[in-house]
Structures are given as structure tokens and as C-alpha cells.
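Just the heavy atoms: all of them, side chains too, but no hydrogens, waters or symmetry mates, feed the values below.
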Amino acid sequence: MTAGDGLSVRAAVPEDVPALRALFLRARRDSFAWQDGRAWQLEDFDAQTRGERLWVAVHGLRVVGFIALWEPDDFIHHLYIDRPWRRRGVGGRLLKGLPGWSATRFRLKCLCRNAAALAFYRAGGFAEVGSGGEGDEAYLLLESAP
């Protein structure tokens with residue numbers, strides 16, 4: 001099955017929150033295996049996305065990915081895809097679903113140790129415009145090309 005088979009992207013609604021919490025926790029543990037995720041909680045999603053605009057990728061009734069945008073700065077704060085749906089075009093669909101995708105320079109921070117995410121963003125046309133942090137918290141600041 002490809003991402004185009006029954007996959008849609010839409011604005012998140014309050015009824016999505018339980019699924020988003022679970023996906024956020026699972027995906028963080030998958031993506032940041034070098035970090036100790038035992039203290040991470042389902043409710044972290046609420047704090048991490050407060051004030052952000054959210055879109056979800058759904059297949060049927062199942063949320064398979066989401067993107068969170070801090071609109072004042074066109075800053076992509078989170079983009080997570082459930083493991084079975086990775087490498088199937090879901091992340092690209094979420095990015096292209098952002099308002100003004102083709103005309104806006106979106107920015108994001110990506111941890112240097114997250115090689116899969118860095119490869120995804122680079123393949124999607126994001127370029128390094130800065131860096132920061134140290135050790136396991138070292139990150140690259142990436143920017144999309146309009």
C-alpha cells in the first residue's frame with residue numbers, strides 16, 4: 001500500500017488528541033532511542049504543542065502522522081509518523097499540506113543524531129542555516145526553499 005491509498009491530511013480536531021498523544025510518545029521513543037524516554041508521558045504532547053496549529057495524516061480512522069506548526073515564526077516544531085507508515089510519503093504530504101508551502105520558508109530544528117530525519121528533510125529540499133546545542137542535544141537549524 002502506498003501513502004496515496006486512502007490517506008488524507010486534515011486539520012486536527014479535539015477528538016484526535018488521544019491518538020496524537022499515543023503516537024507522539026511512541027514515535028519519540030522510536031526516533032530518539034539514545035535518550036532515556038522512561039520519563040516521557042502521554043501528556044507531554046499537550047505541553048509540547050500548546051498554541052501550535054496541527055494537521056494529521058489519517059488512513060481510514062487511524063491517525064498515522066502529524067505536523068505541528070508555530071505559525072508566528074513558520075516554525076515546524078514536530079513532525080512524527082507512526083513507524084509502519086514511515087518511508088511511504090506521509091511526511092512529504094504533511095509538509096506540502098502546510099498553508100503557503102510553496103511560498104514560505106519554514107524552519108525547524110533537527111537533532112544531529114536523528115540521521116533518518118535529517119536525510120528526510122535534506123531530500124525534501126531543506127538546507128542547513130544554523131546549528132546549536134551540544135552532545136546529544138546538538139541540532140541543525142534547517143530551512144525549506146520556497
key: Rounded distance [0.5 Å steps], OG1 in Thr49 versus CZ in Arg21   = 9.0 Å
Any residue meeting side-chain contact (heavy atoms from CB on, under 4.5 Å) with Ala22, in chain and number order, not counting sequence neighbours = Arg26, Leu42
task = Identify, with sequence neighbours excluded, every residue that meets ring pair (Phe, Tyr, Trp, His ring centres under 6.0 Å) alongside His78.
result = Phe24, Tyr80
request  = Report yes if some heavy atom in the side chain of Ile67 is under 4.5 Å from a heavy atom in the side chain of Val56; otherwise report no.
outcome  = no
key: salt bridge (charged side-chain N to carboxylate O under 4.0 Å, His left out) involving Arg87 - partner list, sequence neighbours excluded   = none
Side chain to side chain donor-acceptor pair (under 3.5 Å) partners of Glu52, counting only residues at least two apart = His77
inquiry  = Would you compute the distance between atom CD of Glu43 and atom CG of Leu25 and round it to the nearest 0.5 angstrom?
reply    = 9.5 Å
query = Do Ser131 and Leu141 have side-chain heavy atoms sitting under 4.5 Å apart?
reply = no
task = Say whether Trp70 and Leu20 are linked into one hydrophobic cluster, either directly or through other cluster members, by side-chain heavy-atom distances under 4.5 angstrom.
result = no
ask   = Between CZ of Phe45 and CD of Gln48, what distance do you get to the nearest 0.5 Å?
value = 10.0 Å
query = Got a sec, which residues hit salt bridge (charged side-chain N to carboxylate O under 4.0 Å, His left out) with Asp16, two or more places apart in sequence or on another chain?
reply = Arg10
query = Are any of the side-chain heavy atoms of Leu108 and Leu79 separated by less than 4.5 Å?
reply = no
ask   = Do Leu98 and Ile76 come close enough that some side-chain heavy atom pair is under 4.5 Å?
value = yes
query = What distance separates Asn114 CG from Asp136 CG, expressed to the nearest 0.5 Å?
reply = 12.0 Å
query = Hey, are the side chains of Leu94 and Ile81 touching, using non-hydrogen atoms and a 4.5 Å cut-off?
reply = yes
remark   = Those residues at least two apart in sequence (or on a different chain) that pass salt bridge (charged side-chain N to carboxylate O under 4.0 Å, His left out) with Glu71 are Arg53
inquiry  = Would you compute the distance between atom CZ of Arg93 and atom OG of Ser8 and round it to the nearest 0.5 angstrom?
reply    = 7.5 Å
message = Restricting to ring pair (Phe, Tyr, Trp, His ring centres under 6.0 Å), what partner residues turn up for Phe120, sequence neighbours left out?
response = none
note = side chain to side chain donor-acceptor pair (under 3.5 Å) pairs touching residues 98-108, sequence neighbours excluded, are Arg105-Glu143, Arg107-Glu143
key: salt bridge (charged side-chain N to carboxylate O under 4.0 Å, His left out) partners of residues 60-69, not counting sequence neighbours, each pair once   = Arg62-Asp82
note = Value for CZ (Phe106) from CG (Leu95), rounded to nearest 0.5 Å, stands at 8.5 Å
inquiry  = Quick one, Tyr121 and Cys110 - any side-chain contact, counting heavy atoms below 4.5 Å?
reply    = yes
ask   = Taking only residues at least two apart or on different chains, which pairs with a member in residues 121-131 satisfy salt bridge (charged side-chain N to carboxylate O under 4.0 Å, His left out)?
value = none
